[in-house]
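Below, chain A is the first sequence line, B the second, and so on; all start at residue 1.
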Amino acid sequence: MSRARPTPPPTADHDGFATQLLAWFDLHGRHDLPWQHPRSPYRVWLSEIMLQQTQVATVIAYFQRFVDGLPDLPALAAAPQEQVLALWSGLGYYARARNLHAAARACVERHGGELPRDLEALVALPGIGRSTAAAILSQAWGDRHAILDGNVKRVLARYHGVEGWPGAPKVEKRLWAFAEAHVADPALPDARMADYTQAQMDLGATLCTRSKPTCLLCPLRGACAAHRDGLTDSLPTPRPGKTLPRREAQLLWLEDAQGRILLQQRPSTGVWASLWTLPQADDATLAREWLATHADPDYDAGEALPSIAHAFSHFRLDLHPRRWRAVALRERVGDNGDLRWVPRTQLTALGIPAPIRKLLESSDATPADHD
DNA sequence: AAGTCGGGGTC
DNA sequence: GACCCAGACTT
């Protein structure tokens, strides 16, 4: 060792953690998730990517739609990016979709069209980190690897009484050490690695929840430090607070005489990268200039629609939509570059951010006669 | 170590 | 409103 550890190494590793957990899983775990039947490396991989920072209930419908359209790795690799983003549309964190796509193509080029059964090779693929790679290997093949996702962090922080925000590298390193120690327990059979990985996540998702954990039914309560010390409400330590900045933007909703909507593809970097949205301006003055440059109607003739408040992880965005109907674009503008007239029936084929799609679908296809 | 990247569920 | 969630990536 290059340096002395300030904290003692995990010693409470072979204490029945895995044994108790597996016994509970057999009776009370989730055995009917879509990616478990059938369970294949491709389906496990896809589910793990979709489940990054996203809850199971949200993922299920997206997973079904995605595997219906792209049922295996070669199909994903051969698909155009537009289709992949359309299937991901509404799920968020769109870099996951682009990385998934790129990783599939890398597997075709480097691994014979299959997902490699190797931790380092998986981590080398875009979008797959240490925990996701371990989850894939243990669930798809039963290989012996520790995972450390949000569920396991919460379970281990309570079970071992680990204080400090789990996102801090120092705390995360301790949690990894505990996770590895449990996996090294000889009482955990190789044949049960897939169940063991699933069991940890099921416990965290159904009993050891962030608020109001159901300790009465927990198979680990006998050795849980937080339960013993009355710290289940304060562990894991919450993330340090930060106030989010607020931004505003104007949305220009233009429809032509046929009811088609003018959409604009966003740049390949930044928020909503490569997705299709309404043309956007930072303020009303710039919105007026954009309209004067691209189309004929008077700005003030547009219908001001209710504002939309949308929260991102790192800022809040207030969108102010304004709508014009039966618009014609100026010469040399439209259906070129990043602008496209899109019929309403084609909206499902494009990757569109959730609040924009909700706005477009909330309104009548025909011009409103009210006033 | 901090910032970037969505959207929905929960309290 | 604030906080969280089957994280990874960039700087």
**Item:** A/L27 atom CG, neighbour heavy-atom count above 12 within 6.0 Å
**Value:** yes
**Request:** Check DNA chain C against residues 144-151 of chain A and give the residues with a non-hydrogen atom under 4.0 Å, in numerical order.
**Result:** A/D149, A/G150, A/N151
**Message:** Using a 4.0 Å heavy-atom cut-off, does A/R98 contact any base of the nucleic acid, only the sugar-phosphate backbone, or nothing at all?
**Reply:** nothing
**Request:** Please measure how far the C1' atom in C/dC4 lies from the corresponding atom in B/dC5, and state the result in whole Å.
**Result:** 16 Å
**Message:** Running the 4.5 Å side-chain criterion over Ile, Leu, Val, Met, Phe, Trp and Tyr, what cluster does A/L235 land in, apart from itself?
**Reply:** A/L231
**Request:** Only counting residues at least two apart or in another chain, list the ones meeting salt bridge (charged side-chain N to carboxylate O under 4.0 Å, His left out) with A/D318.
**Result:** A/R246
**Asked** A/H182 and A/Y196: aromatic ring centres closer than 6.0 Å?
**Response** no
**Request:** With heavy atoms under 4.0 Å as the rule, sort A/W88 into base, sugar-phosphate or nothing.
**Result:** nothing
**Asked** Does a side-chain heavy-atom distance below 4.5 Å link A/L319 with A/L278?
**Response** no
**Prompt:** Tell me, which pairs form a ring-ring contact (aromatic ring centres under 6.0 Å, His included) where one or both residues lie in residues 33-55 of chain A, sequence neighbours left out?
**Reply:** A/W35-A/F63
**Asked** Checking all strands, does A/R154 fall into the base, sugar-phosphate, or nothing category for heavy-atom contacts under 4.0 angstrom?
**Response** sugar-phosphate
**Request:** State which residues pass side chain to side chain donor-acceptor pair (under 3.5 Å) with A/S138; sequence neighbours excluded, sorted by chain then number.
**Result:** A/T197
**Prompt:** For A/Q139, which contact category applies under a 4.0 Å heavy-atom criterion: base, sugar-phosphate, or nothing?
**Reply:** nothing
**Message:** Within the 4.5 Å heavy-atom criterion, are A/R260 and A/V342 side-chain neighbours or not?
**Reply:** no
**Prompt:** Do A/R65's NZ or CZ and the ring of A/W88 fall within the cation-pi criteria of under 6.0 Å and 45°?
**Reply:** no
**Item:** Contacting residues from residues 115-128 of chain A, given that a heavy atom lies under 4.0 angstrom of DNA chain B
**Value:** none
**Request:** Return each pair, listed once, that meets side-chain hydrogen bond (donor to acceptor under 3.5 Å, both in side chains) where at least one residue sits in residues 143-152 of chain A; pairs must be two or more places apart or across chains.
**Result:** A/R117-A/D143, A/R144-A/D190, A/N151-A/R154
**Request:** Answer yes or no: is there a side-chain heavy-atom contact under 4.5 Å between A/L359 and A/P321?
**Result:** yes
**Asked** With rounding to whole Å, what would you report as the distance between B/dG6 and C/dC3 at their C1' atoms?
**Response** 15 Å
**Request:** Please state the P separation for the pair C/dA6 and B/dC11 - nearest whole angstrom.
**Result:** 14 Å
**Complete:** Once base and sugar-phosphate atoms are separated, protein heavy atoms under 4.0 Å mark nucleotides 1-11 of chain B, 5' to 3', with B, S and - as S--SBBB-S-S
**Asked** When the nearest nucleotide of DNA chain C is assigned to A/W165 and to A/N99 on a heavy-atom basis, which residue is associated with the more 5' position?
**Response** A/W165
**Request:** Can you sort out the partners of A/R228 under salt bridge (charged side-chain N to carboxylate O under 4.0 Å, His left out), two or more places apart, ordered by chain and number?
**Result:** none
**Request:** Have a look at A/V56 and say if it touches a base, only the backbone sugar-phosphate, or nothing, with a 4.0 Å heavy-atom cut-off.
**Result:** base
**Asked** First and last nucleotide of DNA chain C touching chain A, 5' to 3', heavy-atom cut-off 4.0 Å?
**Response** C/dG1 to C/dC9
**Pairing residues for A/R288 by the side chain to side chain donor-acceptor pair (under 3.5 Å) criterion, not counting sequence neighbours** = A/D300
**Fill in**
In short, ring-ring contact (aromatic ring centres under 6.0 Å, His included) pairs touching residues 256-277 of chain A with sequence neighbours left out are A/W272-A/H310, A/W272-A/F312
